[in-house]
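Labels below follow one simple rule: chain letters A, B, ... track the order of the sequence lines, proteins then strands, and each chain is numbered from 1. What you see is a predicted model, and the numbers here were worked out from it, not measured in a lab.
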Amino acid sequence: MNLHEYQGKELLRQFSVGVPAGGVASSAEQAKAVAQSIGGDEWFVKAQVLAGARASGHFKNAPASDGGVRHCKGEQAVFDHSNAMLGEVLFTIQTGIDGATVHQVYIEQHIEVAGESYVALLVDRRSGCISLLTSPDGGAFLEQNAASNPDSVTTWPINLVSGLSQDTAAAAALSLGFSGEAASNCVAALSHLYQLFIEKDCTLIEINPLANDHQGNFCALDATIKIDDNALFRQPELNALRDTRDLRDGELDALKFGYNYFKLDGDIGCVTSGAGMAMATIDTIKLYGGKPANFLDVPPVAEVDQFVEGLQLVLSDPAAKVMLVNIFGGGILQCDLVAKAILVALGKHKNTIPVVVRLAGSNAAEGLKLLRDSDMNFDFADDMIKAAQMAVATAEDDAQAGKNKVRASWWDRVRFSRNSDKN
Amino acid sequence: MSILVNKDTRVLCQGLTGKQGSFHMQNALADGTQLVAGVTPGKGGSEHLGVPLFNTVSEACLAVQPDATIVFVPRVNAAAAIIEAIDCGISLIVCITERIPMLDMVRVKHRLANSQSSLIGPNCIGIITPEECRMGIMPSEIFRRGKVGIISRSGTLTYEAIAQTTEQQLGQSSCIGIGGDLLRGLDFVDCLKLFNDDEETEAIVMLGEVGGSAEEEAADYIKSSRYAKPVVAYIAGQFAPPGRRMGHAGAIVQYGSGTARAKINKLRSAGVHIAESPVAIGSTVARVVGRQK
């Protein structure tokens, strides 16, 4: 689960990591009020979206605009820039082609900075350890610097049992170029970040930059924090922070059911069980020129109703012109249960779309018989390739029929008026 | 010969009395698996599925000396259950449970590193040596004892590969689901080594996915060790949108790395045969094994 910058900074405050004074706002008036309460006459207005590289991004409605992080002098500038950002769509190299809508802005005190470091904590797959990453070249050009000089990023593996040792933290502070009191403050900041990581079940904490002033005090100017979805059951306060505003139709329901589902931009609805199967199904559809409408992995369920919920996610999607059900039954999930669920789900949906079914594995024969004996029509496929080809052809036919329907109704009108002329 | 498990493997089940444990171990028993005991705290002294129940792994080990354990414990306590098994010195631990918190698995990995135990999983279908031992949830009727070793990150997609290799009359020596999580036990390289030493295995199928670098590491190993047996791979998620978690915590493409295409290219350059479609896995193995003869 991704946290917004303002949520991340609130956590940093709780764990005694320095952050500039700041507050979140949902309107330009609120933004101005936040600036006033912070004081001073210079602030940063920062778009709150769940993606990075905001400063170098651009807005959909203003391609030549200043991006998602703006330096403002005076309260009016805070008001104007907040107004310009709120409700608009921001594109950055991390938002994807849909961009991200800015629902809130974060107003932050402008502070004097002497240096910028990069600090991150994450779980390293290969070693199975939490690793601390540091680079003295923090800031906007981190990626370029790291690419041209890989040695500038140092990885410090951490032993979970003993934690982030004073020695490791001190060595990291030294590698960032700090000594004396600045080094002690840096060690303290790193220790607090580590504490946050393990107490709040983070999978990533990225502070870029961790800025220092000339007195050796540290401040996190940005915070990207991700929380382990699998640990949310034991982090109820964090669970409540999830931003669901940008979830598309069905994705919120799926979250409630615990299904992995998200929308794609095509017209072939996919129902599979097993993430690998779901990916393979999407790959196969695309190989044959089709466009999947969604990714859906229904977990192995023992009740018909539970599988019906999964089918309904696809059947309620107006973009889906055909539904492809690709199931290899085994263990808990049996094909006859899937067949029953298909019949129940189609019974509930009046405007049913064509359904391509491929059932294999446990009770496939029973499942197929149930579907054949019903009074509904299905296209049956023996394997994933044939299923994908049928679905792609059906979606193309539908698109074509859509065009033909328009032509037909025009022709009908013309014929009718000619006939009535004869009379 | 098979790898890791056979008809003599004495299997303990942690979480035997739960819904998942009961259902799958009942099927496993029917397949000839030597289930020797179950562990469910609070139910020690009673019986389930014809085997004695114990309160702790330690008590079970004293009484029945299992060689391996399969963990069906719910995710809240699953990591603790794995660690309990490691501390009792059980050499093979298979964990089926999905969605175990990441930091719990960091703890498990740390314990494993200093132990004699091997872990398969978590979030996996388990391991099967057809006709001998099933420590997992896979439907045994699709298997046929034979010559192909299967290593897979996927669940149901594995069954496709099994069905195809059965249909091709090749059969399987052993099949290991290494699971879909970022932090896991045995990985592709570990299993490739085991299959290399197994006389029964003549070819290996790797089922990979986007995310992480396990397939790339396997490619490096295959190349540097001049791996003797033919390997066929299918990699799912060629069209996975970046940044989206596709079910498996491990299957996230980030910062341009870990793409399916990158894995396919690396594997191919190591001499691995790539099945371009999920229905061509069996036929690719048949072609390759045929060529060997």
Report the option among [options] that has the most heavy-atom pairs separated by less than 4.5 Å from atoms of chain A.
{"options": "B:Ala214, B:Ser140, B:Ala280", "value": "B:Ala214"}
{"options": "B:Ile137, B:Ile100, B:Ile235", "value": "B:Ile100"}
{"options": "B:Arg107, B:Lys109, B:Met138, B:Lys19", "value": "B:Arg107"}
{"options": "B:Arg111, B:His24, B:Glu217", "value": "B:Glu217"}

> Are A:Arg125 and B:Asp181 close enough, and set up right, to give a salt bridge (charged side-chain N to carboxylate O under 4.0 Å, His left out), and what steps lead you there?
Replying inline: CA-CA 10 Å; A:Arg125 186 197 67 84; B:Asp181 279 3; over 6 Å; no
> Given a strict heavy-atom distance threshold of 4.5 Å, which part of B:Thr158 is in contact with chain A: side chain, backbone, both, or neither?
Replying inline: neither
Note, [X] side chain near [Y] side chain (heavy atom, < 4.5 Å):
{"X": "A:Asn230", "Y": "B:Glu98", "answer": "no"}
{"X": "B:Ser277", "Y": "A:Thr284", "answer": "no"}
{"X": "A:Arg234", "Y": "B:Val76", "answer": "no"}
{"X": "B:Pro101", "Y": "A:Phe233", "answer": "yes"}
{"X": "A:Thr203", "Y": "B:Leu103", "answer": "no"}
{"X": "A:Phe328", "Y": "B:Ile142", "answer": "yes"}

>> Apply side-chain contact (heavy atoms from CB on, under 4.5 Å) to residues A:Met277 and B:Ser154 and explain how you reach the verdict.
In response: CA-CA 8 Å; A:Met277 276 284 271; B:Ser154 305; over 6 Å; no
>> Taking every non-hydrogen pair under 4.5 Å, which of A:Asp383, A:Thr272, A:Asn159 racks up the most with chain B?
In response: A:Asn159
> Under a 4.5 Å heavy-atom cutoff, which of A:Gly330, A:Ala231, A:Gly331 has the most pairs with chain B?
Replying inline: A:Gly331
>> Taking B:Ala236's backbone N and O only, do any of them form a donor-acceptor pair with A:Asp283's side chain (distance below 3.5 Å, no angle check)?
In response: no
> Could you state the interatomic distance from CE (B:Met105) to CG (A:Asp228), rounded to the nearest 0.5 Å?
Replying inline: 11.5 Å
>> Return the SG to CG distance between A:Cys129 and B:Leu183, rounded to the nearest 0.5 Å.
In response: 9.5 Å
> Run the salt bridge (charged side-chain N to carboxylate O under 4.0 Å, His left out) check on B:Glu216 and A:Arg126 step by step: do they pass?
Replying inline: CA-CA 12 Å; B:Glu216 290 86 333; A:Arg126 251 182 262 199; over 6 Å; no
>> I'd like to know whether CD of B:Glu167 has more than 12 heavy-atom contacts from other residues, nucleotides or ligands below 6.0 angstrom.
In response: no
>> Counting only heavy atoms from other residues, nucleotides and ligands, does the tally under 6.0 Å from CD of A:Glu199 exceed 12?
In response: yes
> Considering all heavy atoms of both residues, which atom of B:Glu209 and which atom of A:Gly276 are nearest to each other, and what is their separation?
Replying inline: OE2-CA, 3.8 Å
